[in-house]
Amino acid sequence: MKKRLSILFSLLLVMSLFLAACGFNKESGGSSSGGNDSGKAKSQDLRVNIKTEPFSLNPGLANDSVSGAVLRQTFEGLTRLGKDGKPEEAMAKKIDVSDDGLVYTFKLRDAKWSNGDPVIAKDFEYAWKWALDAKNESQYAEQLYYIKGGEAANKGTGSMDDVGIKVVDDKTLQVTLEHPTTYFLELTAFYTYYPVDSKVVEKNPKWYTNAGDNYVTNGPFKMTQWKHNDKIVLKPSENYWDKDAVKLKNIEMYMINDNATELSMFEKGELDWAGNPAGQLPQDAIPQLKDKGNLNVNVKTGTYMYKFNTEDKALSNANVRKALAYAINRKAIVENVTKAEQVPATAMVPAQAYGEKKNNLFKDNDVKKAKELLNKGLKEMGLSKLPPIKISYNTDEGHQKVAQAVQDMWKKNLGVDVQLNNQEWNVYIDELNKGNFQIGRMGWIADFNDPITFLEMFEDKNGGNNNTFWENSKYQQLLDQSRKEQDPKKRYDILKQAEKILMTDMPAAPIYYYTDAWVQDENLKDVVMSSTGDIQFKWAHFK
């Protein structure tokens with residue numbers, strides 16, 4: 001998250017940074033700018049912005065927050081994150097776990113797809129194995145490696161028939177894991193674990209590309225319109241098993257990739273929500289919104305980073321990459337550029353993912369050390385000067401301002417010339433995955449409450465989300481060791497060793513830890529948000 005699963009964390013320290021200035025409310029019922037009218041209380045029509053065209057609305061292909069924001073309304077897994085942020089039964093009405101923690105047996109409730117087909121165990125087996133099939137190029141297939149035989153099947157070293165997914169009968173699914181995984185029921189709430197209507201998908205391989213009869217879903221809402229690069233319209237699904245909990249009658253999701261326009265529409269009453277996690281506020285407006293008391297802030301366990309293409313000649317040296325990372329003044333960026341109470345990141349994993357208050361693996365704005373590392377790296381590469389390098393980012397005002405700040409810092413602190421390159425999201429992510437970049441902006445929101453969700457992104461150079469193309473055998477060994485360790489403290493110690501290797505080689509430079517900042521209609525209640533950036537409208541309504 002490519003995000004990203006469920007989740008929720010020890011946030012006490014980080015929350016204390018925000019509560020003095022901003023109201024924190026997990027079930028959001030926060031304040032508005034006063035621009036929206038109270039007539040929405042009768043219509044129950046919600047209007048939000050998701051910024052861009054979703055990468056994919058196939059749960060097996062989705063890998064971004066935009067797609068996730070839609071899928072969480074239209075699909076449902078065996079579990080979903082409840083209002084308290086903890087996993088609860090969803091498509092599964094009963095869950096049994098073996099004493100050794102390896103075998104999960106899910107009894108499905110009598111649920112239907114939006115077209116009236118029954119939701120059956122085969123639908124989960126089909127969806128999960130489809131994502132594991134390498135020919136389908138699911139970038140989140142790694143999320144299914146917790147299932148016995150999943151990794152081997154995905155990498156072609158094992159058979160799909162040996163994957164630990166067994167359909168006992170139409171209403172019983174049995175899943176066997178590689179190792180006991182205490183957060184597995186959080187994983188089953190994530191979109192890669194959603195089912196698909198196998199009956200429809202088998203006949204229509206491109207079922208997910210447009211709204212219509214083939215786009216069949218099992219969640220609280222169904223998609224009735226998808227005007228590409230413009231908007232998506234959702235309406236309640238009359239076949240949803242818990243339809244009485246759904247109060248909204250219509251959700252319009254606009255694709256407006258201009259933050260100022262988004263806020264302006266909100267202030268005119270044309271949107272009911274502006275800002276994260278689906279949209280974004282203009283950075284320049286955040287201090288004023290905070291002063292007015294209209295800003296809501298939710299702490300996120302996520303890292304904004306610059307990924308280095310380690311196969312690029314200029315960035316193939318670890319000391320050069322560390323020099324660039326150390327020469328960034330993160331404190332200045334969060335105070336003067338992003339301005340939404342983000343926290344400077346001096347490690348890849350936010351401290352709260354370890355359940356701790358601090359996680360600092362290098363010093364912020366360490367220009368002296370950066371110069372030493374650059375000189376050392378250039379000498380190792382046989383160069384006298386680093387050639388011009390390019391920062392790429394997807395089109396967005398915020399990303400542009402951060403890139404400009406880093407550009408100035410690298411020029412001032414290291415004498416490095418930097419070019420900037422912005423692209424629309426779908427083009428941008430495609431170029432990153434192909435390796436057609438030098439330095440690329442990326443964010444990662446925790447899929448679930450554990451450091452492994454950050455660290456396994458860099459495990460395999462050919463992994464779906466590792467577009468740094470870096471890997472390290474010792475790092476891989478430690479991650480594998482952590483999966484077999486059942487003592488929580490020992491396991492965290494192993495993961496910390498791995499993270500030190502990651503920050504020593506620096507395939508990606510962490511810049512700051514995320515927050516969500518937004519304004520909303522004051523009559524909008526019971527929008528459920530998590531610190532992983534998930535947003536659910538299942539229970540939302542206008543008062």
Side-chain angles (χ1 to χ4, degrees), residues 1 3-12 26 77-107 124 128 140-151 163-166 173-194 300-302 348-356 359 444-457 459 476-499 530-534:
M1 214 167 345
K3 66 192 338 91
R4 111 195 217 34
L5 273 347
S6 55
I7 320 136
L8 310 194
F9 317 94
S10 284
L11 298 169
L12 295 179
K26 188 173 186 179
L78 294 163
T79 57
R80 83 156 49 235
L81 295 185
K83 294 180 180 180
D84 60 358
K86 297 178 181 179
E88 62 185 27
E89 289 87 354
M91 284 294 104
K93 66 178 181 180
K94 186 174 184 294
I95 304 170
D96 293 319
V97 185
S98 63
D99 291 340
D100 61 6
L102 289 174
V103 181
Y104 285 69
T105 302
F106 299 92
K107 291 288 186 179
F124 288 90
W128 298 1
Y140 255 178
E142 294 174 2
Q143 294 291 359
L144 297 160
Y145 286 4
Y146 299 93
I147 300 172
K148 186 175 179 64
E151 181 175 8
V163 175
I165 306 169
K166 180 181 179 182
L173 182 73
Q174 188 177 86
V175 183
T176 303
L177 306 184
E178 287 281 4
H179 307 288
T181 305
T182 56
Y183 44 82
F184 186 65
L185 294 181
E186 297 181 29
L187 286 164
T188 54
F190 188 60
Y191 52 72
T192 309
Y193 281 82
Y194 289 166
K300 282 172 88 166
T301 301
M348 183 58 63
V349 180
Q352 61 266 32
Y354 287 112
E356 298 179 354
N359 186 30
W444 190 262
I445 310 301
D447 294 329
F448 48 93
N449 184 23
D450 198 273
I452 193 70
T453 185
F454 292 91
L455 300 178
E456 66 184 1
M457 174 173 34
E459 185 171 7
Q476 293 170 327
Q477 291 169 14
L478 287 168
L479 294 191
D480 188 55
Q481 184 182 345
S482 76
R483 296 184 179 106
K484 300 172 184 177
E485 179 56 64
Q486 295 305 300
D487 182 276
K489 185 180 184 305
K490 291 180 180 178
R491 181 174 172 275
Y492 277 173
D493 287 343
I494 294 168
L495 292 175
K496 287 179 180 179
Q497 292 178 50
E499 188 180 8
S530 78
S531 56
T532 57
D534 298 350

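Numbers for residues simply follow the sequence, beginning at 1. Heavy-atom basis, side chains included; hydrogens, waters and symmetry copies ignored.
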Subject >> Atom pair CD1 (Ile95) and CG (Leu173), whose distance is rounded to the nearest 0.5 Å >> reply: 11.0 Å
Original post:
Under the criterion side-chain contact (heavy atoms from CB on, under 4.5 Å), which of Thr182, Thr188, Leu187, Thr181 is the partner of Leu185?
Top reply: Thr188
Original post:
Got a salt bridge between Glu151 and Arg483, using NZ or NE/NH1/NH2 to carboxylate O under 4.0 Å?
Top reply: no
Original post:
Among all residues two or more places apart in sequence or in another chain, which pass the side-chain hydrogen bond (donor to acceptor under 3.5 Å, both in side chains) test with Tyr145?
Top reply: Asn154
Subject >> Plane angle bin for Tyr183 and Tyr146 - parallel if under 30°, tilted between 30 and 60°, otherwise perpendicular >> reply: perpendicular
**OP:** Using the test side-chain hydrogen bond (donor to acceptor under 3.5 Å, both in side chains), find all partners of Lys166 that sit at least two apart in sequence or belong to another chain.
**Re:** none
Original post:
Could you walk me through whether Val175 and Phe184 pass the side-chain contact (heavy atoms from CB on, under 4.5 Å) check?
Top reply: CA-CA 11 Å; Val175 183; Phe184 186 65; 4.0 Å; yes
**OP:** Provide the closest heavy-atom pair for Gly77 versus Ala90 in the form atom of the first, atom of the second, distance.
**Re:** O-CB, 3.3 Å
Original post:
Is there side-chain contact between Asn359 and Glu499, with heavy atoms separated by less than 4.5 Å?
Top reply: yes
**OP:** Answer yes or no: is there a side-chain heavy-atom contact under 4.5 Å between Tyr193 and Thr79?
**Re:** no
**OP:** Check the pair Trp444, Val349 against side-chain contact (heavy atoms from CB on, under 4.5 Å), reporting the backbone distance first and the verdict last.
**Re:** CA-CA 10 Å; Trp444 190 262; Val349 180; over 6 Å; no
**OP:** Would you please classify the geometry between the Trp128 ring and the Phe124 ring as parallel, tilted or perpendicular, with 30° and 60° separating the classes?
**Re:** perpendicular
Subject >> Those residues that, when tested against Tyr492, pass side-chain hydrogen bond (donor to acceptor under 3.5 Å, both in side chains) (two or more places apart) >> reply: none
